[in-house]
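What follows is a single structure, written as structure tokens, with notes after it.
Whatever order the structure lists them in is the order used to number ligands and atoms, beginning at 1. We number each residue from 1, following the sequence as shown. Since the model is a prediction, treat every value here as computed from it, not as a measurement.
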Amino acid sequence: MNVLLRGGSVVSGSGAVRADLWIRDETIHAVGLDLDCPDAETVDVSGKLLFPGFIDAHTHFDLDVCNTTTADDFYTGGRSALRGGTTTVIDFACPNKGESLQYGLELWHKKADGRCGCDYGFHMTIDDWNESIRAELPAMFEAGISSFKMYMTYPAMMIGDGPMFEALRELKRLGGIAGVHCENSGVIDALIAEKKAAGALGPASHPESRPAVLEAEAISRLLKMAALADTPVVIVHLSSEAGLREVEAARARGQTVYVETCPQYLYLDDSLYSLPDFEGGRYVCAPPLRKKSDQEALWQALASGGVQTVSTDHCSFTLAQKDAGRGDFTKIPGGLPGVETRGLLLYRGVAGGRIGLGQMCRVLAENPARLYGLYPRKGVLAPGSDADIVVYDPAADSVITAADQAANVDYAPFEGFRTSGSIASVWLRGRKVVDHGAILADRGGIYIPRGRSSL
Ligand code: MN
């Protein structure tokens with residue numbers, strides 16, 4: 001591969017500058033104005049923005065959950081990711097309670113290896129805590145896993161405060177970082193029981209049984225445990241203003257807290273759960289969609305740097321799968337597709353003046369690369385970095401529709417949203433893999449072992 005992308009603007013965390021980009025083999029050879037490389041194939045990208053390939057640090061492909069399996073596996077999910085400009089995903093390897101971390105890692109390699117169009121890494125889920133899990137942790141780092149997921153809700157996965165505290169201490173010692181799903185499990189169970197007793201079994205009961213204050217309570221509790229363990233943590237998929245205020249209070253006390261949010265919490269609200277004919281069921285995810293005021297708080301935090309990453313929590317189900325919860329909202333498999341539309345939705349925020357171009361690049365690429373130990377191989381367009389590139393055409397507006405997506409899902413949460421511009425092409429390690437929506441290569445992704453966080 002010897003390609004010159006000429007005439008575009010290269011985007012980094014500090015904004016866009018006019019520069020040519022010279023790709024040699026799988027990496028970026030040079031970045032600069034008017035590069036002279038006579039042997040290279042020249043591609044005219046004038047008027048386009050060149051982003052580092054987007055990194056989605058929160059996907060669930062091929063996950064057995066809620067008595068079914070997610071609609072997207074690593075093949076369809078990888079295709080969907082590429083089409084959205086995401087060249088690397090970090091999926092959650094998830095052994096069941098009683099299984100070893102090594103078993104979970106091998107299982108996720110079986111799901112992904114040779115089947116995924118984009119590059120990928122794994123977080124490891126810790127849903128059990130005992131001496132043998134503790135003893136396995138160093139081998140996880142050697143296998144390229146430096147981040148771990150823990151749950152404060154869901155009986156199948158939550159580990160409880162004491163074990164979580166011990167795990168945080170051990171991760172501190174080893175130099176790892178934890179991302180935590182923060183919701184108060186016990187109170188949610190009580191509210192669900194109330195809804196069931198009252199016969200309120202439709203999707204509108206979903207957000208009412210998981211109110212924002214229960215996210216805020218869990219965040220507060222986690223952050224006090226993390227302070228005691230003296231370790232930074234990541235609040236994954238932050239959804240609410242109340243939760244954000246707990247993070248801000250902890251930061252004011254001197255704590256390091258990283259925040260991830262998702263496009264659904266920036267653009268969609270809980271009025272959707274009241275749509276007729278079970279249409280609200282398709283928006284069921286946890287934490288649930290919140291209020292417009294929560295969206296506003298999250299946008300402001302994004303703009304000011306209070307949110308470090310925007311990922312998707314892509315966990316997709318078809319409408320037929322969602323139908324399992326007709327008549328009982330607790331049986332609706334929870335999760336939304338999203339890996340395909342994140343870049344478009346964030347650029348919509350740039351075009352609308354909500355966030356800067358540099359901020360978009362930070363939350364989609366640079367920060368997740370640093371936070372999860374991929375930087376500078378990923379997350380930046382600089383000599384020596386992988387040539388993962390999103391060529392964005394800010395002038396080619398489009399509309400998001402289910403008919404135009406690679407995800408293996410028959411609806412789109414952002415159906416009908418107008419975009420500001422669209423993705424012209426996507427490059428993975430020097431190879432063009434998407435051209436104006438057409439997928440050119442969809443099994444070329446490789447496992448990327450990760451180092452320790454550098455954010
Ligand atoms: Mn998730």
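Within D313, the N, O or S atom lying nearest to the Mn ion (ligand 1) carries the name OD1.
Residue contacts to the Mn ion (ligand 1): H181 brings no N, O or S atom closer than 2.8 Å. When distances to the Mn ion (ligand 1) are checked against a cut-off of 2.8 Å, C315 contributes no N, O or S atom below that limit.
Ring geometry for F92 versus H60: interplanar angle under 30°, hence parallel rather than tilted (30 to 60°). The aromatic rings of Y392 and F51 sit perpendicular, their planes meeting at an angle over 60°, well past the 30° parallel limit.
Within 6.0 Å of CG in N67 there are 12 or fewer heavy atoms belonging to other residues, nucleotides or ligands.
To the nearest 10 degrees, the Mn ion (ligand 1) sees NE2 of H60 and NE2 of H58 at an angle of 100°.
Taking the ring centre of F317 as origin, the terminal cationic atom of K322 falls outside the region bounded by 6.0 Å and 45° from the ring axis.
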